[in-house]
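Below is one structure; the comments refer to it alone.
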Amino acid sequence: AQSVTQLDSQVPVFEEAPVELRCNYSSSVSVYLFWYVQYPNQGLQLLLKYLSGSTLVKGINGFEAEFNKSQTSFHLRKPSVHISDTAEYFCAVTPTGGGNKLTFGTGTQLKVEL
Amino acid sequence: SQTIHQWPATLVQPVGSPLSLECTVEGTSNPNLYWYRQAAGRGLQLLFYSVGIGQISSEVPQNLSASRPQDRQFILSSKKLLLSDSGFYLCAWSRGQESGNTIYFGEGSWLTVV
């Protein structure tokens, strides 16, 4: 079984400041990793995913994440946030074999302030 | 392009009443289909997934059931709702069963059981 931990339930940050949202996972098998964003009262939208290759993954809206296998982490970063980035962010994993089912973390609410 | 629709967007139901949430996917064939529930502060929990017509796998024991009467239609049901069934329900789809394929989410349905 897999589990995902997002230790920060809320992250306040000022506009144009950098931000890092933390994600750690636990799994006995290899996994693929994902970050999704959810705007208020909407479904989830894929930001980026890591399947293989370079451990630095670039996604939409200027976000990037780095896979660190030794630390079992997949932290999400953005060098300069905008008010429109205010949303909830979910980290998720799925085993590399045996079907395509995501296990999600509990989410991090990013609040960008002026 | 592919689209996913789910309805109704919101509903308020009394305890003990039945439930039917519907989801359809357009622009693709033989998708994997999923129902997730999002409860406050608990992330997203996979309830059901389906790899084909009439093929339903339940991930957690619960008061709900799912059916797939057509290739691109997925229905979440309950005969008698409980207060604990309240939450935000998300339908989703992905291409095939290969792990790592992006899972695309609908806009969600808010269910309040009173």
Side-chain angles (χ1 to χ4, degrees), chain A residues 1-10 21-27 29-53 57 59-60 67 74 87-109, chain B residues 2-11 21 23 25 28 30-52 55-60 66 87-112:
Chain A
Q2 295 74 45
S3 67
V4 178
T5 301
Q6 295 179 249
L7 287 174
D8 304 309
S9 59
Q10 294 186 29
L21 306 184
R22 296 181 293 168
C23 172
N24 289 87
Y25 70 93
S26 174
S27 177
V29 299
S30 295
V31 295
Y32 296 134
L33 301 111
F34 302 76
W35 274 99
Y36 280 84
V37 59
Q38 184 180 33
Y39 298 101
N41 297 316
Q42 294 186 23
L44 277 70
Q45 179 183 7
L46 180 70
L47 273 177
L48 48 81
K49 63 181 179 181
Y50 173 78
L51 301 183
S52 65
V57 181
I60 63 171
F67 171 52
F74 191 53
E88 189 147 24
Y89 293 79
F90 291 94
C91 182
V93 302
T94 186
T96 59
N100 195 32
K101 293 180 283 183
L102 292 172
T103 298
F104 284 88
T106 51
T108 298
Q109 178 67 42
Chain B
Q2 299 80 30
T3 57
I4 179 170
H5 305 282
Q6 65 175 105
W7 68 95
T10 60
L11 67 165
L21 298 179
C23 172
V25 180
T28 188
N30 197 30
N32 266 18
L33 295 173
Y34 309 81
W35 278 110
Y36 280 85
R37 177 168 60 199
Q38 185 177 15
R42 297 182 63 184
L44 286 87
Q45 181 183 38
L46 179 61
L47 302 177
F48 301 96
Y49 80 99
S50 171
V51 299
Q55 301 179 62
I56 311 293
S57 295
S58 175
E59 293 296 300
V60 293
F88 191 47
Y89 289 83
L90 289 155
C91 183
W93 75 274
S94 69
R95 289 186 180 82
Q97 300 182 44
E98 184 177 347
S99 186
N101 287 342
T102 298
I103 295 180
Y104 299 91
F105 287 82
E107 292 298 304
S109 298
W110 276 107
L111 170 64
T112 303

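Per chain, numbering begins at 1; letters A, B, ... match sequence-line order.
Here the closest non-hydrogen pair linking Tyr34(B) and Lys101(A) is CE2-CG, 4.3 Å. Closest approach of Tyr36(A) to Ile103(B), counting heavy atoms only: OH-O, 2.7 Å. Looking at every heavy atom in both residues, Gln42(A) comes nearest to Phe88(B) through O-CE2, 3.6 Å.
Side chain of Tyr49(B) to main chain of Asn100(A): no donor-acceptor pair is present (N/O by atom type, distance under 3.5 Å, no hydrogens or angles). Using a distance-only test at 3.5 Å, with no hydrogens or angles considered, a donor-acceptor pair links the side chain of Ser99(B) to the main chain of Pro95(A).
A salt bridge (charged side-chain N to carboxylate O under 4.0 Å, His left out) check over residues 29-46 of chain A, counting only residues at least two apart or in different chains, returns nothing.
For a residue to count as touching a neighbouring chain, one of its non-hydrogen atoms must lie under 4.5 Å from one of that chain's; by this rule Gln45(A) does not touch chain B. Only the side chain of Gln38(B) comes within less than 4.5 Å of a heavy atom of chain A; its backbone N, CA, C and O stay farther away. With a threshold of 4.5 angstrom between heavy atoms, Glu59(B) approaches chain A through side-chain atoms but not through N, CA, C or O. No part of Tyr50(A) comes within reach of chain B, as not one of its non-hydrogen atoms sits under 4.5 angstrom from that chain. Using a 4.5 Å cut-off between heavy atoms, Glu107(B) touches chain A through backbone and side chain atoms alike. Both the backbone and the side chain of Leu102(A) come within less than 4.5 Å of a heavy atom in chain B. Heavy-atom distances place the backbone of Thr96(A), and not its side chain, under 4.5 Å from chain B.
By the ring-ring contact (aromatic ring centres under 6.0 Å, His included) test, Tyr89(B) pairs with no residue at all, sequence neighbours left out.
Options Leu46(B), Thr10(B), Thr102(B), Leu90(B) differ in how many heavy-atom pairs under 4.5 Å they form with chain A, and the most are formed by Thr102(B).
Other residues, nucleotides and ligands place no more than 12 heavy atoms under 6.0 Å from the CD atom of Glu98(B).
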Give the C-alpha distance, both sets of side-chain angles, the deciding distance and a yes or no for side chain to side chain contact (heavy atoms under 4.5 Å, CB included) between Leu44(A) and Leu44(B). CA-CA 10 Å; Leu44(A) 277 70; Leu44(B) 286 87; 4.0 Å; yes
